[in-house]
Enquirer: 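After the structure tokens below, expect a handful of questions from me.
Computed from a prediction, not measured in an experiment: that's the story for all the values here.
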Amino acid sequence: MVTVNLGVLHYLVDHIYGACVHRTKLSTPFFSRGWGGSKLDLLERVIKQLFPDAVGCNWPPSVVQPQWKTVWESKTACLREGIFKTPCDELLIHALPPESHTARVAFLAPRFVPPHKMACVVHLAGTGDHTFERRLRLGGPLLKENIATMVLESPFYGQRRPRLQRGSKLLCVSDLLLLGSATIVEARSLLHWLENEAGFGKTGICGLSMGGVHAAMVGSLHPTPIAILPFLSPHSAVAAFCEGILQHATAWEALREDAAQNAEMTLEQVRERMRSVLSLTDVTRFPIPKNPQAVVFVAATDDGYIPKHSVLELQRAWPGSEVRWVTGGHVSSFLLHNDHFRKAIVDSLDRLPWKESLS
């Protein structure tokens, strides 16, 4: 009985947090400017090119060479920040806001350890994660395991946020697909840089919530085995925006009015169109990773944002992958279970061979 009550409490915390952040008149809802017009049509075509029949055509990715500056150094570690032009193709660059054309990364690594004897994990941003700080705190304690952390600032977030966007509330549905498409391209280029330019012995990709969806996509498309770690993540944005708490933070009426320029639609038809559009983010449609045993999901038992069935759908689609459950909701797990996330990172990397042992 105590466990049930705690579960209800965690679930309520998610809903209270969601009400405060997403459902007050002080907060702009997601997609207040509608679907995104011709950009949405473009992005639907671009995302379909990521699927299995075209995977071989998308590798190797565009080469990036970040321009680095040292933020601090200690006897054992170094933090650098870098910038590079987004490696997206011209169609995506034209669709991106100008503020998002330059990508930013932070890179925290042990000193005096040869790269081929280190691992590095790229950390992708969850909804609302505009800075490097949280992800650097997650990766910092892993330095003693000789695991470096690379943090990518997402398009539409932080210094890459469009001038008219308030906080994390994307203005159009097309912005969500554009954010995901650009993040995938940039993360793939960073992994290529880590493996082929920096010479790391193992690599991985992780992310929390939305970042976990992107991490799963990037990992599934990678041509060699890497660690894949989606934390508190659904199998698709459909689960987040049409089933979880974020459905209450979505401007459904604005989307209906925008769609009505072409044909009258009911709110239920608008929701169905949203499901159809966001089905493009369904990770179960992506290839099975090269080493599913190196995929570790960490999910919360009482998550108000991510339904349990969504986590299990992806595990079923990737036989051999592992789901670990932590007691809590989305918000409380995000705050309290960093040790579980770190343990998953270490264990996932341990399931990969070192590069030098493959020769």
Enquirer: If only atom types and distance count, is the side chain of R351 paired as donor or acceptor with the main-chain N or O of Q293 below 3.5 Å?
Expert: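 Side chain of R351 to backbone of Q293: a pair is present.
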
Enquirer: With a 4.5 Å heavy-atom cut-off, do E322 and R324 have their side chains touching?
Expert: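 Counting from C-beta outward, E322 and R324 do come under 4.5 Å.
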
Enquirer: Enter the distance from S168:OG to F156:CZ here, rounded to the nearest 0.5 Å.
Expert: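 That separation rounds to 12.5 Å.
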
Enquirer: Minimum heavy-atom separation for P141 and R342, please, with both atom names.
Expert: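 So the two residues come closest at CG-NE, 3.4 Å.
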
Enquirer: Going by the rule side-chain contact (heavy atoms from CB on, under 4.5 Å), which residues pair with E313 if we only count those two or more places apart in sequence or in a different chain?
Expert: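 Once residues adjacent in sequence are excluded, the partners of E313 under the side-chain contact (heavy atoms from CB on, under 4.5 Å) criterion are H235, H309, R316.
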
Enquirer: Strictly below 4.0 Å, N to O, side chains only: are K343 and D347 in salt-bridge contact?
Expert: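 Yes, this pair counts.
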
Enquirer: Going through the distances and angles, do R285 and S279 end up as a side chain to side chain contact (heavy atoms under 4.5 Å, CB included)?
Expert: CA-CA 9 Å; R285 299 172 60 186; S279 69; 4.1 Å; yes

Enquirer: Linking I/L/V/M/F/W/Y whenever their side-chain heavy atoms sit closer than 4.5 Å, directly or via other members, would L108 and I345 fall into one cluster?
Expert: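 No, separate clusters.
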
Enquirer: How long is the span from the OG1 atom in T203 to the CG atom in L349, to the nearest 0.5 Å?
Expert: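 These two atoms lie 8.5 Å from each other.
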
Enquirer: If you group Ile, Leu, Val, Met, Phe, Trp and Tyr by side-chain heavy-atom gaps below 4.5 Å, do L190 and L136 land in one group?
Expert: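 Not linked; separate clusters.
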
Enquirer: Which atom pair, heavy atoms only, marks the closest approach of F297 to W318?
Expert: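 Of all heavy-atom pairs spanning F297 and W318, the closest is CZ-CE3, 3.9 Å.
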
Enquirer: Measuring only between side-chain heavy atoms, which start at C-beta, is F231 closer than 4.5 Å to L229?
Expert: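 Yes, side chains in contact.
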
Enquirer: Charged N to carboxylate O below 4.0 Å: is that the case for K308 and D303?
Expert: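 Not counted as a salt bridge, because no side-chain N and carboxylate O are separated by less than 4.0 Å.
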
Enquirer: Go through the side-chain N and O atoms of H222 and E195 and say whether any donor and acceptor fall under 3.5 Å apart.
Expert: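 Their side chains do contain a donor-acceptor pair, which is all the 3.5 Å distance test asks for.
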
Enquirer: Working to the nearest 0.5 angstrom, can you tell me the gap between R160 CZ and L96 CG?
Expert: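 Separation between the atoms: 7.5 Å.
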
Enquirer: Please determine which of L221, I226, V295 meets the side-chain contact (heavy atoms from CB on, under 4.5 Å) test together with P289.
Expert: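 Output: one option passes, namely V295.
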
Enquirer: Would you find a donor on one side and an acceptor on the other, under 3.5 Å apart, between the side chain of E145 and the backbone of V346?
Expert: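 No.
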
Enquirer: Which heavy atom of C242 sits nearest to which heavy atom of M274, and what is that distance?
Expert: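 Result for this residue pair: SG-CG, 3.8 Å.
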
Enquirer: Determine yes or no for a side-chain-to-main-chain donor-acceptor pair under 3.5 angstrom, with R104 supplying the side chain and L152 the backbone.
Expert: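 No; judged by distance alone, with no hydrogens or angles, the pair does not exist.
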
Enquirer: How would you list, by chain and number, every residue that makes a ring-ring contact (aromatic ring centres under 6.0 Å, His included) with F31, sequence neighbours excluded?
Expert: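 ring-ring contact (aromatic ring centres under 6.0 Å, His included) check on F31 returns F241.
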
Enquirer: Is F132 reachable from V122 through a run of I, L, V, M, F, W or Y residues, each pair having side-chain heavy atoms under 4.5 Å apart?
Expert: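 In one cluster with V122: F132, no.
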
Enquirer: Set out, in order, the CA-CA distance, both residues' side-chain angles and the distance that settles side chain to side chain contact (heavy atoms under 4.5 Å, CB included) for M217 and T281, then state yes or no.
Expert: CA-CA 9 Å; M217 292 174 175; T281 68; 3.8 Å; yes

Enquirer: So how far is it from T250 OG1 to K169 NZ, rounded to the nearest 0.5 Å?
Expert: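 Those atoms lie 9.0 Å apart.
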
Enquirer: Just so I know, are the side chains of W35 and V270 near enough to count as touching, which here means a heavy-atom distance under 4.5 Å?
Expert: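 SC-SC contact between W35 and V270 confirmed.
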
Enquirer: Hydrophobic cluster membership, with links at side-chain heavy-atom distances under 4.5 Å among I/L/V/M/F/W/Y: are V213 and I306 in one?
Expert: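 They do share one cluster, since a chain of ILVMFWY contacts under 4.5 Å joins V213 to I306.
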
Enquirer: Determine yes or no for a side-chain-to-main-chain donor-acceptor pair under 3.5 angstrom, with S236 supplying the side chain and A239 the backbone.
Expert: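 The answer is no, because no donor-acceptor pair under 3.5 Å joins these two groups.
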
Enquirer: Taking S181 for the side chain and L177 for the main chain, is one N or O donor matched with an acceptor at less than 3.5 Å?
Expert: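 Checking the backbone N and O of L177 against the side chain of S181, a donor-acceptor pair under 3.5 Å is found.
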
Enquirer: Within the 4.5 Å heavy-atom criterion, are P319 and I288 side-chain neighbours or not?
Expert: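 When only atoms from C-beta onward are counted, I288 and P319 do touch, with a gap below 4.5 Å.
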
Enquirer: So, S209 side chain and G126 main chain: donor-acceptor pair closer than 3.5 Å or not?
Expert: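 No; judged by distance alone, with no hydrogens or angles, the pair does not exist.
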
Enquirer: Within the distance-only criterion (no hydrogens, no angle test), does the side chain of S348 pair as donor or acceptor with the backbone N or O of A227 below 3.5 angstrom?
Expert: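 Such a contact is absent between S348 side chain and A227 backbone.
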
Enquirer: Does the cation-pi check pass for K202 over W354, that is, NZ or CZ under 6.0 Å from the six-membered ring centre and within 45° of its axis?
Expert: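 Judged by the rule, K202 and W354 form a cation-pi pair.
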
Enquirer: Starting from the C-alpha separation in whole Å, work towards a yes-or-no answer on salt bridge (Lys or Arg N to Asp or Glu O under 4.0 Å) for R271 and E253.
Expert: CA-CA 10 Å; R271 289 175 182 270; E253 186 59 35; over 6 Å; no

Enquirer: To the closest 0.5 Å, what do you measure between CD (Q165) and CD (E99)?
Expert: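 Answer rounded to 0.5 Å: 9.5 Å.
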
Enquirer: Do you know which two heavy atoms are closest between L124 and G211, and how far apart they sit?
Expert: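 Distance-wise, the nearest heavy atoms are CB-O, 3.9 Å.
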
Enquirer: Side chains of H101 and K85: closer than 4.5 Å at any heavy-atom pair?
Expert: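 No; the side chains remain at least 4.5 Å from each other.
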
Enquirer: Compare all side-chain heavy atoms of L143 with those of M118 and state whether any distance is below 4.5 angstrom.
Expert: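 The answer is no, as the side chains (C-beta and beyond) never meet within the 4.5 Å cut-off.
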
Enquirer: For S321 and Q315: C-alpha separation, side-chain torsions, deciding distance, then whether side-chain hydrogen bond (donor to acceptor under 3.5 Å, both in side chains) applies.
Expert: CA-CA 6 Å; S321 62; Q315 185 201 23; 5.0 Å; no

Enquirer: Mark yes or no: R80 above the aromatic ring of W72, with NZ or CZ under 6.0 Å from the six-membered ring centre and no more than 45 degrees from the axis.
Expert: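 Checked: cation-pi criterion not met.
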
Enquirer: Side chains of Y305 and L232, heavy atoms from C-beta outward: is any pair under 4.5 Å?
Expert: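 Y305 does not reach L232 side chain to side chain.
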
Enquirer: State, with a plain yes or no, whether a side-chain heavy atom of C120 is found less than 4.5 Å away from one of F107.
Expert: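 A side-chain contact under 4.5 Å exists here.
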
Enquirer: Which is it for L194 and M150 under the side chain to side chain contact (heavy atoms under 4.5 Å, CB included) test, yes or no, and what are the steps along the way?
Expert: CA-CA 10 Å; L194 287 167; M150 178 171 277; 4.0 Å; yes

Enquirer: After noting the C-alpha distance and the side-chain angles of K355 and F200, does the key distance pass the side chain to side chain contact (heavy atoms under 4.5 Å, CB included) rule?
Expert: CA-CA 8 Å; K355 258 190 186 178; F200 277 83; over 6 Å; no

Enquirer: With a 3.5 Å distance limit and no angle check, can you tell me whether Q247 reaches the backbone of E243 through a side-chain donor-acceptor pair?
Expert: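 Side chain of Q247 to backbone of E243: a pair is present.
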
Enquirer: Looking only at atom types and distance, does a side-chain atom of E81 sit under 3.5 Å from a main-chain N or O of V71, one as donor and one as acceptor?
Expert: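 Flag not set: sc E81 to bb V71 has no pair under 3.5 Å.
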
Enquirer: Which heavy atom of N291 sits nearest to which heavy atom of P225, and what is that distance?
Expert: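 What the structure gives for the nearest pair is CB-CB, 3.7 Å.
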
Enquirer: Do side-chain atoms of S333 reach the backbone of H330 as a donor and acceptor pair under 3.5 angstrom?
Expert: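 Not confirmed, S333 side chain does not pair with H330 backbone.
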
Enquirer: Over 60° means perpendicular and under 30° means parallel, so classify the ring planes of W68 and W193, tilted if in between.
Expert: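 Correct class here is tilted.
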
Enquirer: Between F286 and L312, is there shared hydrophobic-cluster membership here, with clusters defined by ILVMFWY side-chain heavy atoms closer than 4.5 Å?
Expert: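 Same hydrophobic cluster.
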
Enquirer: Got a second to check how far N338's CG is from R134's CZ, nearest 0.5 Å?
Expert: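 Nearest 0.5 Å value for the CG-CZ distance: 6.5 Å.
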
Enquirer: Shortest non-hydrogen contact from S32 to A254?
Expert: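 Heavy atoms of S32 and A254 come nearest at O-CB, 3.6 Å.
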
Enquirer: Please name all residues satisfying salt bridge (charged side-chain N to carboxylate O under 4.0 Å, His left out) with R33, sequence neighbours left out, ordered by chain then number.
Expert: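 Partners of R33 by the salt bridge (charged side-chain N to carboxylate O under 4.0 Å, His left out) criterion come out as none, since no residue qualifies.
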
